[in-house]
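Please read the structure below before turning to the comments.
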Amino acid sequence: MPALTHQTAPTQFVEADGVRYAYRRLGPEGTVPLVMLQHFTGNLDNWDPALVDALATEREVVLVDYPGVSASTGTPATTVAAMAQQMITFTVALGLDHIDLLGFSIGGFVAQDMALIRPRLIRRLVLAGTGPKGAPGMHGWRKDIEAHARAETPTGEDLLYIFFAHTETSQAKGVQFLGRFTARTEDRDSPSSLASRDAQYDAVLEWGIPDHGALQRLTGVQCPTLILQGDNDLMIPTRASHLLAGLIPDARIHIYPDAAHASLFQYPIEVAKDVNDFLG
């Protein structure tokens, strides 16, 4: 049987605490699984297949929808702390007692909380396009970014505006990404709802309330951490990633050039190599 890919991995379900979690698994079993936490309103099919498949050549990858998002049932959480508890519940339901964790954007917020409240669960941590709780410049997004991110019916143009640098070269790579992530047609995940959008933006705003004391939480992260970011993120300021790297005790940072929020979708093969090298 050929190995599963991002395009062919079936959607599966596991129930816990009254929630039916939608997820997909691919890659070699017997490795420490890499659980991947998605961006604002993102679902199983919003990952870049090129990134997921390159990661899955070396390790098992687990994708999941948050409760109340797309194919997962339940009520969408309005705080990052609640989302972190939900994702811990998901790992317990799957019988995962030791994982690597990659969080992108709001998924990076959730991953930070998981690393702090369940340190024994996480071996290594990857934070992409994200920032710390309470940091300056994190209390919501600038108006043009918010308008595109909260569009009632998001389009490819919205994603290009939010995710990629406003240069010809980065936008061209964004168009390539759009072609990849829309390629799956069988068993495609359902779009996220406006209710989940609004709940997640509440969580973004609560996380971003300026709070200098909250920054000190990051000194408690115990696992080795890799921070990935574009050199000009318009959604979560790149300087927030540098702040993460300065506060997490065992952290390293990689900044990708001519890139914005979704550097991992602009450079999927390069990012997969950097992540696999770090996790290996």
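Just so we're clear, the structure is a prediction, and the values are computed from it rather than from any experiment.
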Which value, rounded to the nearest 0.5 Å, describes the distance between [X] atom [atom1] and [Y] atom [atom2]?
X: R197; Y: R150; atom1: CZ; atom2: CZ; result: 4.5 Å
X: S241; Y: L228; atom1: OG; atom2: CG; result: 8.5 Å
X: I253; Y: L226; atom1: CD1; atom2: CG; result: 9.0 Å
X: D187; Y: Q12; atom1: CG; atom2: CD; result: 10.0 Å
X: L125; Y: L102; atom1: CG; atom2: CG; result: 8.5 Å
X: D211; Y: L215; atom1: CG; atom2: CG; result: 7.5 Å

Side-chain contact, heavy-atom cut-off 4.5 Å: [X] with [Y]?
X: L4; Y: P10; result: yes
X: H166; Y: Q171; result: yes
X: I122; Y: D100; result: no
X: F104; Y: F40; result: no
X: W141; Y: V204; result: yes
X: T57; Y: D53; result: no
X: D65; Y: Y21; result: no

Spell out, as yes or no, whether a donor-acceptor pair under 3.5 Å connects the side chain of [X] to the backbone of [Y].
X: T31; Y: E60; value: yes
X: T73; Y: R20; value: yes
X: T225; Y: C223; value: yes
X: R123; Y: P224; value: no
X: T219; Y: L247; value: no
X: S263; Y: A259; value: no
X: D189; Y: L44; value: yes
X: Y267; Y: P257; value: yes
X: T182; Y: L178; value: yes
X: Q38; Y: N43; value: yes

For [X] and [Y], test the side chains for any donor-to-acceptor distance below 3.5 angstrom and give the result as yes or no.
X: Y161; Y: D144; result: yes
X: D233; Y: H261; result: yes
X: Q200; Y: T41; result: no
X: Y256; Y: D274; result: yes
X: D258; Y: T167; result: yes

Problem set entry | Lys/Arg-Asp/Glu bridge criterion (N-O < 4.0 Å) met for D97, R118 | no
Given [X], which of [options] fulfils the side chain to side chain contact (heavy atoms under 4.5 Å, CB included) condition?
X: F163; options: K173, H39, Q266, H148; answer: H39
X: I99; options: L121, V62, L94; answer: L121
X: Q229; options: L244, T238, L264, L127; answer: T238
X: Q112; options: T130, I248, V221, I117; answer: T130
X: Q7; options: R188, R184, R180; answer: R184

For this session: Answer with yes or no whether the hydrophobic clustering places I255 together with M235; edges join I, L, V, M, F, W, Y residues whose side-chain heavy atoms lie under 4.5 Å apart.
Result: yes
For this session: List the steps, then state whether ring-ring contact (aromatic ring centres under 6.0 Å, His included) holds for F177 with W47.
Result: CA-CA 10 Å; F177 159 72; W47 292 107; over 10 Å; no
Exercise. Would a line drawn from the ring center of F90 to the ring center of Y23 be shorter than 6.0 Å?
Worked result: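 Between F90 and Y23, the centre distance is under 6.0 Å.
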Exercise. Do the two ring centres, one from Y201 and one from W207, sit under 6.0 Å apart?
Worked result: no
Exercise. Does F278 have R124 sitting over its ring (NZ/CZ under 6.0 Å from centre, angle to axis within 45°)?
Worked result: yes
Exercise. For D198, does the CG atom have more than 12 heavy-atom neighbours from other residues, nucleotides or ligands under 6.0 Å away?
Worked result: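 Yes, the 6.0 Å shell around CG holds more than 12 heavy atoms from other groups.
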